[in-house]
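Every chain is numbered from 1, with letters handed out A, B, ... down the list of sequences.
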2 protein chains.
Amino acid sequence: MKTCSSSYTCPVEATIHLIGGKYKAVILWHLRDQVLRFSELHRLVPKATTKMLTQQLRELESDGLISRTVYPVVPPKTEYALTEFGQTLLPVLESLCDWGTIYLEKISDADCSF
Amino acid sequence: MKTCSSSYTCPVEATIHLIGGKYKAVILWHLRDQVLRFSELHRLVPKATTKMLTQQLRELESDGLISRTVYPVVPPKTEYALTEFGQTLLPVLESLCDWGTIYLEKISDADCSF
DNA sequence: CAGCATCCCTACAGATACTG
DNA sequence: CAGTATCTGTAGGGATGCTG
């Protein structure tokens, strides 16, 4: 999941490469309307270990989608936010969310085996 | 990347789970306006090995996004197409593509180191 | 609080060869 | 043509413990 600018055969591939990571889309989604600290993010994405969360955040950062601001205070404080470029993803994230909502309704109707 | 209906914390996660696979979005994208045979798909997604391609296609099929039609002829002929449900993903795929296009322009402007 | 460092393991994915 | 089967390596990712 490294960004290697390897020739994409189509733009869809490029987008998925950026937001298709295990927790990336969710992270971006949570940051859509608010700035969040590491621990807040972690609370919102509990399935991610700190290592994973850190890693995904770093990748999003190096792709220019989010910003990371460290406040030199005690105790430490780091804030994550969408960059301007990250904001341009919002329509994409919204369509992901919209479709996901419909999908979840669909499967909760059909399959109640869980 | 198995479909296990494990409780999603948000719909975005669910969508990514379905189309976030390594080649899934690209496959769906190629099927958006045409029916394709295995070999045709493989030509369009050459980076995928036959194993990978088969696997991704099976997952898409079991998620109800694409249909697989086998014609009992010699030589064998199999056709893949979007299901009606798969069609509902088109807006999502389009927004992925739109954004990807812009992104690719952006990085080809900024970084010419490749 | 926000992480980094380690150890460790398995499952993802590549290469290759074979079949109806 | 449209796959399956097997064998294998690598890295994705979990658990745990430590630090500025």
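- Between B:Tyr103 and A:Phe85, the ring-plane angle classifies as parallel under the 30° and 60° cut-offs.
- For the pair A:Leu44 CG and C:dA2 P, the computed distance is 13 Å after rounding to whole Å.
- Shown for residues 66-82 of chain B: residues whose heavy atoms fall under 4.0 angstrom of DNA chain D, namely B:Arg68, B:Pro75, B:Pro76, B:Lys77, B:Thr78, B:Tyr80.
- Looking only at distances, no side-chain donor or acceptor of B:His42 sits under 3.5 Å from a matching main-chain atom of B:Arg37.
- Protein atom NE2 of A:His42 is 14 Å distant from nucleotide atom P of C:dC4, rounded to whole Å.
- Atoms CG and CG, on B:Leu96 and A:Leu18 in that order, are 11.0 Å from each other to the nearest 0.5 Å.
- At the phosphate of C:dG3, neither OP1 nor OP2 sits under 4.0 Å from any side-chain N or O atom of A:Arg37.
- Surrounding CD of B:Gln34 are more than 12 heavy atoms belonging to other residues, nucleotides or ligands, all under 6.0 Å away.
- Closest approach of B:Thr83 to B:Ile66, counting heavy atoms only: CG2-C, 3.4 Å.
- Residues B:Lys106 and B:Asp109 are not in side-chain contact: their nearest non-hydrogen atoms beyond the backbone lie 4.5 Å or more apart.
- Rounded to a whole Å, the CD atom of B:Glu61 is 13 Å from the C1' atom of D:dG3.
- The phosphate of C:dC4 has OP1 or OP2 within less than 4.0 Å of a side-chain N or O from A:Arg58.
- In this structure, A:Leu53 places its CG atom 13 Å from P of D:dG13, rounding to the nearest Å.
- Closest to the side chain of A:Thr49, from the set D:dA2, D:dT4, D:dG14, is D:dG14.
- For B:Lys51 against C:dG14, a side-chain-to-base donor-acceptor contact under 3.5 Å is present.
- The CG atom of A:Leu36 sits 13 Å away from the P atom of C:dG3 (whole-angstrom rounding).
- Atom CD in A:Gln55 sits roughly 16 Å away from atom P in C:dT6 (whole-Å rounding).
- The side chain of A:Tyr23 places an N or O atom within less than 4.0 Å of a non-bridging phosphate oxygen (OP1 or OP2) of D:dG14.
- Rounded to an integer number of Å, the gap from CZ of A:Arg43 to C1' of C:dA2 is 13 Å.
- Between A:Lys22 and the phosphate of D:dA11, there is no side-chain N or O to OP1/OP2 separation shorter than 4.0 Å.
- The side chain of B:Thr50 sits closest to D:dG3 out of C:dG3, D:dG3, C:dG14.
- To the nearest angstrom, P of D:dA15 lies 13 Å from NZ of A:Lys47.
- Residues near A:Ile102 contribute nothing to a hydrophobic cluster around it, because no ILVMFWY side-chain heavy atom sits closer than 4.5 Å to its side chain.
- Each of D:dA2, C:dC1, C:dA13 was ranked by its minimum atom distance to the side chain of B:Met52; first place goes to C:dA13.
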